[in-house]
Q: 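For reference, the structure I am asking about is given below.
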Amino acid sequence: MSTVTTGTGSPKRRLGDLVFANLTRAAGLTILIALAGVGIFLTVEGIPAFGAGPDDLKGHSNLLTYVAPLVFGTLLAAVIALLIAVPLALGVALSISHYAPRRIAAGVGYLVDLLAAVPSVVYGLWGIAVLGPKLVPVYKWLASHFDWIPFFAGPASNTGRTIFTASIVLALMVLPIVTAITREIFAQTPRLNEEAALALGATRWEMIRLAVLPYGRSGIVSAAMLGLGRALGETMAVAMVLSASGVVTWNLISATNPSTIAANIALTFADATGTARNALIASGLVLFLITFVVNFSARAIVSRYEPGSK
Amino acid sequence: MAKSIDVSDLNIYYGDFLAVEGVNMTITARSVTALIGPSGCGKSTFLRTLNRMHEVIPGARVEGKVLVDGQSLYDSAVDPVEVRRMVGMVFQRPNPFPTMSIYENVLAGLRLNNKKLSKSDADAVVEKALRGANLWNEVKDRLTKPGMGLSGGQQQRLCIARAIAVEPQILLMDEPCSALDPISTSAIEDLIHELKEQYTIVIVTHNMQQAARVSEDTAFFNLAGAGKPGRLVEMNPTKKIFSVPDEEATEAYISGRFG
Amino acid sequence: MAKSIDVSDLNIYYGDFLAVEGVNMTITARSVTALIGPSGCGKSTFLRTLNRMHEVIPGARVEGKVLVDGQSLYDSAVDPVEVRRMVGMVFQRPNPFPTMSIYENVLAGLRLNNKKLSKSDADAVVEKALRGANLWNEVKDRLTKPGMGLSGGQQQRLCIARAIAVEPQILLMDEPCSALDPISTSAIEDLIHELKEQYTIVIVTHNMQQAARVSEDTAFFNLAGAGKPGRLVEMNPTKKIFSVPDEEATEAYISGRFG
Amino acid sequence: AGNESDGSGSSLKGTIAGAGSSAQDSAMKAWRAGYQTDNSGVTVNYNPSGSGAGVEQFVDGAIDFAASDSALDAEKGEIDAAKSRCGGENALEVPSYVSPIAVVYSLDGVDKLNLSASTIAKIFDGKITKWNDAAIAIDNPGVDLPGSTITPVHRSDESGTTKNFTDYLSKAADGAWKYPSDKVWPLKSGEAANGTSGVIAAIKSGSIGYADESQVGDLTVASIKVGDAYVAPSAEGAAKALEVSPTDDTRAEGDLAIKVDRTTTEAGAYPLFLASYVIACPTYDKAKADIVKGFLSYVVSTDGQAAAASNAGSAPLPAALQTKAASIINTIAAK
Amino acid sequence: MTDLAPAPTERAARSIKNPRLPQYAPLIALVVAVAASALLGLTLGWGVIPIGIVAAIFYLIGLTTWSRIIENARAATDRLVTSLVWVSLTIALIPLVSLLWKVIDEGKGALNGKFLTYSMRNVIGEPGGIYHAIMGTLLITLAAAVISVPIGLLAAVYLVEYGAHSQLARWIRFLVDVMTGIPSIVAGLFAYALFSLIVGPGTQFGIGGGVALSILMIPIVVRSSEEMLKLVPADLREASYALGVPKWKTILKVVIPTAMAGIITGVTLAIARVIGETAPLLIICGATDSVNLNLFHGQMASLPVFIYGSYTQPGSNPEILKQMAWGAALILILIVMALNILARVLGKLFSPKTGH
Ligand SMILES: Nc1ncnc2c1ncn2[C@@H]1O[C@H](COP(=O)(O)OP(=O)(O)OP(=O)(O)O)[C@@H](O)[C@H]1O
Ligand SMILES: Nc1ncnc2c1ncn2[C@@H]1O[C@H](COP(=O)(O)OP(=O)(O)OP(=O)(O)O)[C@@H](O)[C@H]1O
Ligand SMILES: [Mg+2]
Ligand SMILES: [Mg+2]
Ligand SMILES: O=P([O-])([O-])[O-]
């Protein structure tokens, strides 16, 4: 039978607790350190690139003019991808949360998750082998009828491996995450508010407009931003699908396309040496900073609406 | 112009589960009818069939007839959206739209159909509805503030204002006071008294005293047992129900011997 | 071996909120003491200070003294873990460990404290504790089945067995029957009768009849108003409390006039 | 794995690593397979990371030999760097792989096409944009050329093929190509494709590109104007052009760099070719000397050249060059 | 007050009977739209895709107009949105079907015993195998899991049990969320930069891939474990404390075992997420055609990199290598799906037996 050990120096905090608590905190700190490490090591290895010359920068005179077109391409591809993905994702999310019968909704949800499970390299294969060729006639048609729109100025690509095709593949890849978040938010719309709208004589769409969309607005914005973060950083699908020249152009369907930071790294890392690698790492740092800012803002928006936060 | 309701042989299902069975009932126009009964006996379920809100639940369906002034609600040519405009509803917990101001909340239903409402007409409708819900004086200085900023009782009256702004003929209320304090409750009861001049009102309540206070007629629903469907046991003038009910079960329930 | 408890000038805080104020109380060894009072008056809070479970909640703290047979529980040198081994606790809702069998649940306290038990010793402990909790006959054939597979009342007795397996001297129970049906309740009450031969028992209950049935002494807590701290109003032999309480508030509470 | 476990062959044991030219990758596969089959205890790793990367890694001492599509460059200090890597002795450099570069195209209804160097230059420079341009028509009398747009396809990565192709254009195109010879494609127009295979895959109807002949497959290839005749790419043509190209006599002994003559008019010669080298040190540790020597000897041997020819479609080294190369490799010794 | 209430006469006019389209109207509209588009397409010689697009447009316009004429503007809008929702769902799922079909169709031909048991060493001009890539993928992913699971789980324990509402925990939680968005190529560059500085410039080996993947995996493990730990009822912790069990033991012996099913499911899903990553491995692991089982030395093959390499740079035998790439893609997808299914099964298997 145990008794209380008073006065005999039983420690207030037990050793096991002390060790374990600090161990878990160390694990938490490790994550912060790793995150900081990503920034630090990229910076350390990226700094030599500031001295790089045209030889190491594919003919660009300095790092800035080297990275700027890549940033342009990265943003262009990601924004187009979002313009395609967000409306689709909203449609899919609504079909799951408000339109499909429950059984079908579960199946659709599973299929969308499946879309997320496909590795990006496989999207790349599909983009080259299926999507690109299928789009060639579409691009030809666009170039011959709409060449007055700068986006479709042409001449149309022969292979379909354009920034637009890459954006479509990107859109598919960000669709699941945007869908997952928005559908979660739509499903959380208070049933009471939906019924309030219906009881006022709202059609289903009016109910969604009155009760569901306003409720989920900030969630939709942050889901889109998280999608943007994904699209900015996605590498292989773009590297494989895109025929990248690294130009700055609004022409979306021609053979001469902008490149993205991530694709450029993947494509040229292997045969880059010395300072050229430093330059690639420096461009990676830029990508890291961009995605960090985007994700940071998106998460900041989401966390404002999380329960328990003020 | 408020309307009477005739219900005949109504069976109400959730999927395969028969929740309420064989209801026959006549609800008088411009009066208050109270639905009482133990929890789970199907009061809410029945109420929601009167404006076709029942079918909003996946798999839910109805057999039988509901006539409003002779028009069958469940005719295939009938548009449920129109039914719900004609038969307004107030819920157990106040549910103003959280992103809208008080003003916008009142107008929400009207805006659906009448997009080009002039500012002055809109103002008039809002004032009329809020006065009708006994809320005008409390909120007239902060119409642009969010509806969620009101107290529970005020929110419930806001919901009533929202419901009457679309000018329904019938008003359904599902335990409208159960989330409210006594003072708010009595404000709502006063309001019901006034509204019945113009509206046919059907109210579900758990509170016998409230049923006795506000209603002309009372319908008592009961459950034969767990998993069995609910049934209408007795419907009579409230006075009679609370003094000499026809059925023994009603008597037992009202005197608190079960439920 | 069971111990008596002396509480003096105890203030209990959640962060800055003073939940219970100025409690002075003596709890007799080998007897059952019931804590009663309206919801929110701090019964659970007070109970949890008797085995230092209160401080598990972030920001929670205590001022004043709790002496168990003269030893202060809140001395800086006292290890709360040791206190909890000496003062067992049973909760409102039965909470057997879901990953463990019945057998392992009973042994959890010992095993998790690194006691090396031989198989036969362990068997003996389990049988003794389960017999002590009046559960042995019902479960002896399925000791390796999950504890979650038992009925609510059985689970609660399993939790009692788990608590007494570590051989505490005091047993705290926070509304142990409130989630149980009448038959299980009466099984637990019988058990409490038996346990008091060996343990000092403190039980929180909402049920006056239960307090009257099981306890020797009763302490009545009350709340002066919302946001005010709870206080011990009166502590007396149960017989007296339920017949001629010293305080008017006690009388009012017991006769059902409030709470 | 089922294919890695047989224990036949010589008693040599060990691993050596090389890196560099991707053009040589197919040939390297054949050489490694041949050599590893004869010496099952040996693993030769080869990373086709590109000629530049190969030289750099070799200089850093990270690998044992390099393969490069261009000879070590004195101006860039590569010769000196290689020398210090090899402990103060001059590095050895011998041609191992010679392959024609084909101008590939795809055009419905046109399966024979003649082009002069200056026309090729203008097409890739974007000066000629339609297939029925007069300049093309002159070279192809009687061919029905469509009026569709030309899509020139070039390498997006750094490439020895690009270096040799631009070298050819800058020297043979009579001033129509203003850019210097470079591993990086100098223009930002046309379609960019990664690697030789990427170029091949990007040749769709209306496109034209350049690629190592070994990977051309079923695509149609243009004949280029040499003198007054048109010559289709072939191993023999490349070998002929190589024969008229002198070795660089400014180089140290053991360095068989070749000065390719792009403007030859020799009948049947195909001057648009790529000569690629292997680079190694004269001495190695005991453990590696035999393996490096053995492997590189196999590379330049008749057997090795034949294996490369059949797997990579390259031109076997001319006999004279091969003998010289073999004798240089033979000097590799243990320290 | 009464005088301001709605005047009864105003309310009289409405009828609840509106003309409505028959229930099967969308079906009719769909059939007509597809038929019209197909007819048009066949006469003008379009492919399947333009026919599909035009059919969708016909459907949207047709049904909306029909409803507009027979029903009313609001109903028409409602039908338009409903149709748009279904159309967008179809658009989203077509690529998935196309992709899976293509991978299976192209990949099945590559599958045979040799494919899974041979490497590419000494293989020229004939199909080889992907044993080296499978082993590499398994080893690298295993390394990533070995790094990520302890760190992730312990960090989750910190967030739920120790840090709770502390400022540090808030930041960790937030930055872990941010970290889920780190591009995989950046993780690869990080590992490359790290080992370039530690081991030597240009180092490529398997463990580097493990480190890179763990950057991607840790946040997933932390978040899913955190959710699972939070689901463990506070009751159980208190029950354990009340038995005199110290906190750390309570966590190890009661909380984590109770959450184990969810944690394992989360870890499995995290593995499924990173096992298909290509970009980081391309940079830090390189590629080889021989089997390399040593994580700490030499380049290591992996399935995604093998797929990428063989498809985009097949060299002189493109048919053979491209087919192998499709085969490897099929294997990779099967592995990912198997992991997803496994996650569900494990979740069921390890969940606490309630006995009900
Ligand atoms: N959405 C639903 N799906 C399936 N069954 C339901 C649903 N809503 C209610 N039920 C069932 O229908 C029966 C009647 O429920 P209902 O809510 O109408 O009872 P009630 O009389 O309103 O009870 P309360 O007084 O508790 O509100 C119950 O058995 C209930 O379980
Ligand atoms: N974790 C907590 N944090 C802050 N305040 C708390 C916490 N738990 C209880 N309180 C407050 O302490 C006071 C006493 O609560 P306690 O749960 O002890 O009451 P009780 O008498 O047990 O009530 P009941 O009969 O409902 O169980 C209440 O005002 C309650 O709001
Ligand atoms: Mg109800
Ligand atoms: Mg309590
Ligand atoms: O051999 P390449 O450098 O042209 O790939």
Side-chain angles (χ1 to χ4, degrees), chain A residues 54-60 66 69 73 124-125 128-129 132-133 135-137 139-140 143-144 147 154-163 236 238-249 251 253-259 263-277, chain D residues 19-22 47-60 62 66 69 76 105-107 126 129-130 148-160 179-180 182-195 197-209:
Chain A
D55 266 358
D56 292 322
L57 299 175
K58 294 212 173 171
H60 291 277
Y66 172 65
L125 290 189
I128 298 178
L135 287 173
V136 171
Y139 293 152
K140 292 235 151 91
S144 59
D147 53 351
S157 159
N158 261 339
T159 52
R161 290 163 64 170
T162 69
I163 191 91
M236 291 322 291
V238 180
M240 292 173 77
V241 169
L242 186 62
S243 154
S245 303
V247 294
V248 174
T249 174
N251 192 340
I253 60 169
S254 87
T256 310
N257 292 288
S259 188
N264 182 58
I265 296 171
L267 288 174
T268 54
F269 197 85
D271 51 34
T273 50
T275 335
R277 281 203 167 171
Chain D
S21 157
S22 65
N47 184 2
S49 54
S51 306
V55 170
E56 180 134 341
Q57 281 182 281
F58 176 72
V59 164
D60 285 348
D69 293 339
K76 288 188 187 161
Y105 70 97
S106 168
L107 193 60
T129 58
K130 300 282 181 210
S148 54
T149 311
I150 306 179
T151 306
V153 181
H154 61 83
R155 291 281 291 270
S156 61
D157 50 338
E158 289 188 15
S159 155
Y179 314 94
D182 195 351
K183 282 187 284 188
V184 180
W185 186 250
L187 286 156
K188 294 251 178 264
S189 60
E191 176 145 0
N194 191 38
S197 302
V199 171
I200 299 297
I203 303 293
K204 298 278 143 84
S205 181
S207 311
I208 187 167

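We name chains A, B, ... by the order of the sequence lines, and we start the count at 1 in each one. Not measured: the values here are computed from a predicted model.
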Q: Identify the two heavy atoms, one from D:Ala202 and one from A:Thr159, that lie closest to each other, and give their separation to 0.1 Å.
A: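 For D:Ala202 versus A:Thr159, the nearest heavy atoms are O-CG2, 3.4 Å.
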Q: Using every non-hydrogen atom in the two residues, find where A:Asn158 and D:Glu191 come nearest and quote the distance to one decimal.
A: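 Looks like N-OE1, 4.4 Å.
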Q: Of all of D:Ala201, D:Gly190, D:Gly20, D:Ser22, which one pairs up most often with chain A through heavy atoms under 4.5 Å apart?
A: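 Max contact count across the listed options: D:Gly190.
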Q: Check D:Thr151 against A:Ala255 and note the closest heavy-atom contact, atom names and distance.
A: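 Shortest heavy-atom separation between D:Thr151 and A:Ala255 comes out as CG2-CB, 3.9 Å.
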Q: Identify the two heavy atoms, one from D:Ala192 and one from A:Ala244, that lie closest to each other, and give their separation to 0.1 Å.
A: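 The answer is CB-O, 3.1 Å.
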Q: Heavy-atom distances under 4.5 Å only: say whether D:Ser205 touches chain A with side chain, backbone, both or neither.
A: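 For D:Ser205, the backbone is the part near chain A, not the side chain.
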Q: With sequence neighbours excluded, tell me which residues meet side chain to side chain donor-acceptor pair (under 3.5 Å) with A:Ser245.
A: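 A:Ser245 satisfies side chain to side chain donor-acceptor pair (under 3.5 Å) with no residue once adjacent residues are dropped.
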Q: As an exercise: rank D:Ala53, D:Ser159, D:Pro152, D:Gly195 by heavy-atom pairs under 4.5 Å with chain A and give me the winner.
A: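 Most heavy-atom pairs under 4.5 Å with chain A: D:Ala53.
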Q: Rounded to the nearest 0.5 Å, what separates atom OG in D:Ser156 from atom CG in A:Leu242?
A: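 Between D:Ser156 OG and A:Leu242 CG, I get 9.5 Å after rounding to 0.5 Å.
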Q: The criterion is ring-ring contact (aromatic ring centres under 6.0 Å, His included); which residues satisfy it with D:Phe58, sequence neighbours excluded?
A: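 So D:Phe58 forms no ring-ring contact (aromatic ring centres under 6.0 Å, His included) with any residue.
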Q: Is D:Glu56 close to chain A through its backbone or its side chain, or both, or neither, when contacts mean heavy atoms under 4.5 Å?
A: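 Just its side chain gets close to chain A.
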